[in-house]
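Worth knowing before you read on, the calculation uses all heavy atoms, side chains too, and leaves out hydrogens, waters and symmetry mates.
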Amino acid sequence: MFAVVDIAGQQFKVMENNKYYVPRLEAEPNAEVTFDSVLMLGDDKSTKVGTPTIKGVKVHAKVLEHLKDEKVIVFKKKRRISYRRKNGHRQLLTRIEVTKIS
């Protein structure tokens with residue numbers, strides 16, 4: 001069974017007992033979080049699509065850790081006018097494990 005869930009404005013296809021990296025959540029490690037904005041629910045036999053969400057379906061997950069993603073280098077340059085800018089960015093992430101889709 002899988003579900004498409006809206007987490008912090010992004011859509012994730014999740015399955016039970018799998019781990020995912022999502023944008024930083026306001027929850028402590030080892031805390032349970034519940035996502036109720038399920039956009040699609042499916043299994044081998046049928047698929048149910050919400051308008052825009054499916055009522056009564058929730059995804060339960062456990063927060064494992066908070067971390068930063070790898071550094072992304074942003075480099076801007078204009079030729080022949082001595083303009084160079086180098087900047088870096090590390091996205092804040094949360095690692096979750098989906099425990100149950102109900």
Side-chain angles (χ1 to χ4, degrees):
M1 174 178 274
F2 72 92
V4 177
V5 184
D6 184 21
I7 301 173
Q10 298 181 10
Q11 295 178 5
F12 293 91
K13 180 182 176 182
V14 297
M15 298 175 71
E16 288 184 0
N17 301 323
N18 286 354
K19 297 176 179 130
Y20 300 97
Y21 292 101
V22 298
R24 180 65 61 98
L25 300 175
E26 297 292 329
E28 296 295 322
N30 296 323
E32 289 286 328
V33 291
T34 303
F35 305 108
D36 56 353
S37 58
V38 178
L39 305 174
M40 188 166 82
L41 184 68
D43 55 6
D44 295 337
K45 299 175 184 174
S46 65
T47 302
K48 190 173 184 182
V49 178
T51 56
T53 60
I54 301 173
K55 305 274 190 270
V57 178
K58 295 184 180 183
V59 174
H60 302 278
K62 179 181 178 184
V63 175
L64 298 178
E65 63 180 335
H66 297 295
L67 57 127
K68 286 184 174 182
D69 200 8
E70 293 181 6
K71 183 174 274 195
V72 176
I73 303 297
V74 179
F75 186 73
K76 299 177 183 180
K77 179 181 178 181
K78 294 185 181 177
R79 299 184 322 175
R80 295 185 295 271
I81 58 173
S82 181
Y83 173 81
R84 290 185 294 185
R85 300 290 182 264
K86 183 177 178 183
N87 200 353
H89 175 75
R90 293 185 72 180
Q91 187 69 33
L92 301 176
L93 298 176
T94 299
R95 188 171 185 218
I96 63 170
E97 180 179 8
V98 176
T99 56
K100 185 169 80 169
I101 299 173
S102 63

Is any side-chain heavy atom of Glu32 less than 4.5 Å from a side-chain heavy atom of Thr99?
yes

Check whether more than 12 heavy atoms from other residues, nucleotides or ligands sit under 6.0 Å from atom CD of Glu65, and answer yes or no.
yes

Report yes if the side chains of Leu41 and Val57 come closer than 4.5 Å at any heavy-atom pair, otherwise no.
yes

Are Phe12 and Leu92 connected, step by step, through hydrophobic side chains (Ile, Leu, Val, Met, Phe, Trp, Tyr) whose heavy atoms are closer than 4.5 Å?
no

Would you check if the side chain of Glu16 reaches a backbone N or O of Ile101 as a donor-acceptor pair within less than 3.5 Å?
yes

Group every Ile, Leu, Val, Met, Phe, Trp and Tyr by side-chain heavy-atom contacts under 4.5 Å, then state whether Tyr21 and Val4 land in the same group.
no

Taking side-chain contact (heavy atoms from CB on, under 4.5 Å) as the test, write out the residues that go with Ala61, two or more places apart.
Val33, Phe35, Ile96

Do any side-chain atoms of residues 66-90 form donor-acceptor pairs under 3.5 angstrom with protein atoms, and if so which ones, sequence neighbours left out?
from	atom 1	to	atom 2	distance (Å)
His66	ND1	Thr94	OG1	3.0
His66	NE2	Ala27	O	2.6
His89	NE2	Gln91	OE1	3.1
Arg90	NE	Asp69	O	3.0

Which pair of non-hydrogen atoms, one from Asn30 and one from Lys62, has the smallest distance, and what is that distance?
OD1-CE, 3.7 Å

Contact between Val14 and Tyr20 at the side-chain level, heavy atoms closer than 4.5 Å - yes or no?
yes

Lys19: which residues meet the side-chain contact (heavy atoms from CB on, under 4.5 Å) condition with it, sequence neighbours left out?
Leu64, Arg95, Glu97

Would a 4.5 Å heavy-atom cut-off, applied to side chains only, mark Asp43 and Phe2 as touching?
no

With heavy-atom distances below 4.5 Å as the criterion, would you say the side chains of Val59 and Val38 are in contact?
yes

Is any side-chain heavy atom of Ile54 closer than 4.5 Å to a side-chain heavy atom of Lys48?
yes

So, taking the atom named CE in Met40 and the one named CD in Gln11, what distance separates them when rounded to the nearest 0.5 Å?
9.5 Å

Transitively linked via ILVMFWY side-chain contacts under 4.5 Å: Met15 with Val5?
yes

Spatial distance of atom CG (Asp36) from atom OG1 (Thr53) [nearest 0.5 Å]:
7.5 Å

Taken to the nearest 0.5 Å, the spacing of Lys100 NZ from Asn17 CG works out to 12.5 Å

